[in-house]
Number of protein chains: 2
Amino acid sequence: MVTIGDVARVAGVSRSTASYALSGKRSISAEVRQKVEQAVQNLGYTPNAGAKALATSQTKVLGLLARFLEDEFAPAMLQYILGVTNRAREAGYDTLLLTEEDGASALKRISDSRMVDGFILLNVAENDDRLGILRDAAQPGSLVGLPGDPTGIDVFDLDFVTAGRLMVETLHALGHRELILVSQPEHVLERGGAYVWRLANAAQERAAELGVELHHHFGSSSQPEIGGELVGLLDAHPSATGLLLNNEAAAAALPNVLQSRGLSAPADISVIGRYSDDFARTFSLPYSAIDSAADELGRLAVEHLISRIEGTADAESTVVDLVAPRIDDRGSTAVPPTRH
Amino acid sequence: MVTIGDVARVAGVSRSTASYALSGKRSISAEVRQKVEQAVQNLGYTPNAGAKALATSQTKVLGLLARFLEDEFAPAMLQYILGVTNRAREAGYDTLLLTEEDGASALKRISDSRMVDGFILLNVAENDDRLGILRDAAQPGSLVGLPGDPTGIDVFDLDFVTAGRLMVETLHALGHRELILVSQPEHVLERGGAYVWRLANAAQERAAELGVELHHHFGSSSQPEIGGELVGLLDAHPSATGLLLNNEAAAAALPNVLQSRGLSAPADISVIGRYSDDFARTFSLPYSAIDSAADELGRLAVEHLISRIEGTADAESTVVDLVAPRIDDRGSTAVPPTRH
DNA sequence: CTGAAAGCGCTTACAG
DNA sequence: CTGAAAGCGCTTACAG
């Protein structure tokens, strides 16, 4: 293994000079810097990460706590993971991926052993057992997902309240007066998936304000159950003209359901979903949808975390950044059909 | 930060004794061990990972090199990632996830800086530019995916040759004599996705041996293109009675295509796919399929890597372990329909 | 069975 | 502008 001692010897300088020449933390004569850089090149020197971490108390690694739950759409998680790792690398950080069931103990273990400089928590629940540990940890953290009590922690999430309102408002403006909202399964909510009711409640409220009738249903998370439920809902509410889907499985099942009933969107029914563009492309889902903004949330969370680590963030106050929802228009909304 | 020095002081012993009491690397009187363990408890001591790595040259971290490519089904990658991280954790290792485009340089960077004890490479190409670096690296590696030249590296993959033969044999045994095989896009192959042709060639060969006519097509990787292609294939080969799908997007599109033609499997046509059970469940794909064995491959790769790291693997020879394909029977194969 | 000391490969005050 | 030395928190021969 080639060390900075080898570099120093070959360059004919001391180890401290070699170190300073590489870090640029004090001025070095051009000549010496040349020699050091040359030696680094020739020897193929790369600093030992463990030694550096020990000396500086900085690992240049972020801990990424994923949380995979039944009844949630796992591939969506991949978008967040990639958003985080890619942005982190751009900023000079690598990512330790933690996927074990018990996220709280993983967080404690990694924090105590000083393996990372900070944490990103994905899929944060309303009352997340990882938050207590994070607040006591020596390293800062950013959440992707808004918990019930975000005190003292930086949070990034889609603005699900505005998303719920936006869905209703968009169809109301087109003239719709009776809508169906299909959420994710109630299990998700019970487990702390607060975004489900945040969107649903906001939609309900906004519908009430606008005089729109809204039928809310917690759907299943997989086929073929959700297909059957969609059929049931359309049967139960034959005069509904719009369908709001906060449930990936429902979106994937809908094309079949509509086709089998001889319906098409938006001629017969308007549809707005809530899923990633990537999901839409893979399955060519033809419905306008509020994007999950996974990539953007990952980037924001990483950028803010790094500013905390490096001390450039305001130490006095934390941030709750709710990203404004944006509808990817795929042409599945229109004025409601006129009844005869 | 609490160090082993604190533990030693509180326990009233030397640092070396405290260290040995914790590692168990030499015999310690029961009394002293008690005191040390008590001190660890009281102080909440966890060893500093960087310091430990520096002293032992072991990081207890594995590097996981993912490789995301256009035209391949990204969610499948998540299965491998989870298989690896979960098994690694069980064995006492954490996982550094590397997702950057340039896998070769990532591998070199992480290897040179001694951040990990070994590497897992996912989605290995026929002629993978990461392999040269891996062979020169100080750390061992396991591949998931068989390259053209696996010399000197441990490899784990699904046995795609047997998979191709198995698909053909299964339908031949039922009486089918004309089949269609839809592979992943040709781009995948050009990029080094050798598994695509390995399966296709084996299927072709076996079909020839058995006197089965096999029409091979490189399909698109997303909707709606692949749907149109399936329609075209069924039109072009009206007497084909079996469909083999080595293409996730084709499997996802098929239910619609069959329904719109008034066909059902296996009454009108037999179908065998090649995708994960998880994918099948999420989209309720009703087709029998050869499982990707992502979980098993991840586990095997990790277990073997760790045995190399810890020196228990045979240092003289490397392993190429091709996992036997297994068909998850979902009832989509039967004797071909009798023509009138 | 236990302790004092050296060493892993870095960085960074301290001196000049 | 440069060097000798201490220190980060561990482990592990070396001595007793």
Engineer: Figure out the CG/P separation between B:Leu22 and C:dT2, and round it to whole Å.
Structural biologist: 13 Å
Engineer: Go through C:dG9, D:dG9, C:dT12 for me and flag the one nearest to the A:Asn48 side chain.
Structural biologist: C:dG9
Engineer: For B:Asp112 and C:dC10, what is the distance between atoms CG and P respectively, to the nearest whole Å?
Structural biologist: 12 Å
Engineer: Check whether the side chains of B:Asn48 and B:Thr3 place a donor and an acceptor atom closer than 3.5 Å, and report yes or no.
Structural biologist: no
Engineer: Counting only side-chain nitrogens and oxygens, does A:Ser27 get under 4.0 Å of the OP1 or OP2 atom of D:dC1?
Structural biologist: yes
Engineer: Checking contacts here: which listed nucleotide (D:dC10, D:dG3, C:dT2) is nearest the side-chain heavy atoms of B:Arg26?
Structural biologist: C:dT2
Engineer: With B:His304 as reference, evaluate B:Asp154, B:Thr318, B:Asp321 under the side chain to side chain donor-acceptor pair (under 3.5 Å) test and give the passing residue.
Structural biologist: B:Asp154
Engineer: Should B:Val302 and B:Ile120 count as side-chain neighbours, where that means a heavy-atom distance under 4.5 Å?
Structural biologist: yes
Engineer: More 5' along DNA chain C: B:Ser29 or B:Leu54, using each one's nearest nucleotide?
Structural biologist: B:Ser29
Engineer: Ignoring hydrogens and geometry, is there a side-chain-to-backbone donor-acceptor pair from A:Arg308 to A:Asp314 under 3.5 Å?
Structural biologist: yes
Engineer: Whole angstroms only, please: what is the CG-P distance between A:Asp6 and C:dC10?
Structural biologist: 9 Å
Engineer: Nearest heavy atom decides the nucleotide; on that basis, is A:Ser14 or A:Ala51 closer to the 5' end of DNA chain D?
Structural biologist: A:Ser14
Engineer: Between C:dG3 atom C1' and B:Ile4 atom CD1, what is the distance in whole Å?
Structural biologist: 14 Å
Engineer: A:Thr3 has a side chain; which of C:dA4, C:dC10, D:dA4 sits nearest to it?
Structural biologist: C:dC10
Engineer: If you pin B:Ser23 and B:Gly50 to their nearest nucleotides in DNA chain D, which one's is more 5'?
Structural biologist: B:Gly50
Engineer: With heavy-atom distances below 4.5 Å as the criterion, would you say the side chains of A:Lys52 and A:Lys60 are in contact?
Structural biologist: no
Engineer: CZ of A:Arg15 versus P of C:dC14: gap in Å, rounded?
Structural biologist: 19 Å
Engineer: Using only modelled atom types and a 3.5 angstrom limit, is any donor from either the side chain of B:Ser16 or the base of C:dA5 paired with an acceptor on the other?
Structural biologist: no
Engineer: CD1 of B:Ile28 versus P of D:dT11: gap in Å, rounded?
Structural biologist: 13 Å
Engineer: Without decimals, in angstroms, what is the distance between B:Met1 CE and D:dC8 C1'?
Structural biologist: 10 Å
Engineer: For D:dA15, what is the paired nucleotide under Watson-Crick or G-U wobble rules, both distances under 3.5 Å?
Structural biologist: C:dT2
Engineer: Select one nucleotide: of C:dT12, C:dT2, D:dC10, the one nearest the side-chain heavy atoms of A:Tyr20.
Structural biologist: C:dT12
Engineer: Given atom CZ of A:Arg33 and atom C1' of D:dT2, what is their separation to the nearest angstrom?
Structural biologist: 14 Å
Engineer: Among D:dC14, C:dC8, D:dC8, which nucleotide has an atom closest to any side-chain atom of A:Ala55?
Structural biologist: D:dC8
Engineer: With a 4.0 Å limit, can you tell me whether A:Lys25 has a side-chain N or O closer than that to the phosphate oxygens OP1/OP2 of C:dT11?
Structural biologist: no
